[in-house]
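Note sheet for the following structure.
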Amino acid sequence: MTNEILSTMVDTSDEWIKTRTGISSRRVAKNCSTSEMAVNAAGNALENAGIQAEDIDLIIVATSTPDNNMPNTASVVQSQLGACNAVCFDESAACAGFIIALSIAKAYIEAGMMKNVLVIGSDKISRIVDWADRSTCVLFGDGAGACILSAYEGNSGILGADLHNDGSKGEVLKGGSIDNRDERYIDMNGQEVFRFAVRNVPETINSLLNKEGTNKDEVKYYVLHQANIRIIESVAKRMDEDMEKFPNNLKDYGNTSAASIPILLDELNRNNKLQPDDLLVLAGFGAGLSWGSLLVRW
Ligand code: UT7
């Protein structure tokens with residue numbers, strides 16, 4: 001759905017959306033559910049990793065928009081893929097969901113409990129968007145991305161994590177109420193979320209790099225949750241880093257919530273932008289409020 005189409009639905013313009021957010025279009029999954037998008041992404045990840053579905057021990061789906069509360073989305077994915085040996089659960093940390101799901105996978109693998117973990121971020125945010133509210137409907141899009149983490153003796157993978165949550169600020173960004181129809185749509189204080197992101201994302205990245213004894217010059221890319229190009233630019237500026245190190249694709253997809261980081265990672269990977277040993281920082285932030293970062297050696 002392009003900005004032009006949105007301009008016929010609410011009082012907005014291509015120019016406003018582009019200059020304030022960096023978004024030109026977003027995908028709306030009219031005939032596809034959160035679990036169907038998750039299954040598609042997971043199938044591609046399995047193929048890319050050369051792993052059989054039966055070898056997956058755990059499936060985690062990061063989502064704030066599951067098809068149903070029961071069964072969870074991960075179980076639907078399991079059934080569609082034939083991943084009959086997997087334990088399955090969903091995790092809900094909104095736009096920080098994917099990095100938190102990765103940290104869970106890392107912990108299970110390091111504890112020796114799981115060998116191959118399928119981590120998916122999938123959100124059909126269009127379902128909880130109020131298409132008459134111009135302050136939010138221009139921002140979001142639907143999508144899914146997936147990856148597989150495997151036990152491995154070596155020095156690549158997720159090296160460290162820095163994760164945070166502040167539930168006392170939950171009112172700033174909420175939506176999807178099941179009991180209260182008046183609260184079914186996304187309700188957001190955009191400026192508050194903007195300030196929170198610009199302050200907390202550089203802070204978590206700096207604290208992660210300090211903890212891991214890594215200099216920012218060693219980082220090839222900062223793969224940030226794709227919410228607003230101005231947030232990404234402000235983070236780059238505050239960190240005194242070049243925008244070249246902040247790949248972004250929100251122009252085409254908008255904010256896809258838990259899916260934004262894996263979609264961007266997949267594009268970087270398929271475009272041969274990632275080489276073995278590259279150091280990446282992944283950073284997510286959103287409803288909760290929750291935020292955090294991971295240091296990854298590709
Ligand atoms: O995953 C995390 C989720 N959320 C975010 O990351 C969102 C973070 N926040 C943002 O990205 C920005 O705050 C927004 C893009 C949501 C809004 O941008 P802003 O520069 O903070 O604009 P604003 O809310 O201060 O609004 C400025 C003006 C207002 O009009 P007045 O009061 O100045 O006359 C709004 O009513 O822009 C108006 N406006 C719009 N105008 C045209 C708000 N939305 C639109 C729109 N089209 N779609």
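Just follow the structure's listing: the first ligand is 1, and inside any ligand the first atom is 1. Count residues from 1 along the sequence.
A salt bridge is defined here as a Lys NZ or Arg NE, NH1 or NH2 lying under 4.0 Å from an Asp or Glu carboxylate O, and Glu171 with Lys174 meets this definition. Using a 4.0 Å cut-off between charged nitrogen and carboxylate oxygen, Lys211 and Asp162 count as a salt-bridge pair. Between Asp11 and Arg134 a salt bridge is recorded (basic side-chain N to carboxylate O distance below 4.0 Å). Taking a cutoff of 4.0 Å between a charged side-chain nitrogen and a carboxylate oxygen, Glu192 and Arg195 qualify as a salt bridge.
By the side chain to side chain donor-acceptor pair (under 3.5 Å) test, Thr73 pairs with Asp90, sequence neighbours left out.
Protein residues with a heavy atom under 4.0 Å from ligand 1 are Asp11, Thr12, Trp16, Arg20, Thr21, Cys95, Arg134, Ser135, Val138, Leu139, Leu173, Met188, Gly190, Gln191, Val193, Phe194, His225, Ala227, Asn228, Arg230, Ile231, Asn255, Phe285.
Within the model, atoms CG of Leu280 and CD1 of Ile158 stand 11.0 Å from one another, a figure rounded to the nearest 0.5 Å.
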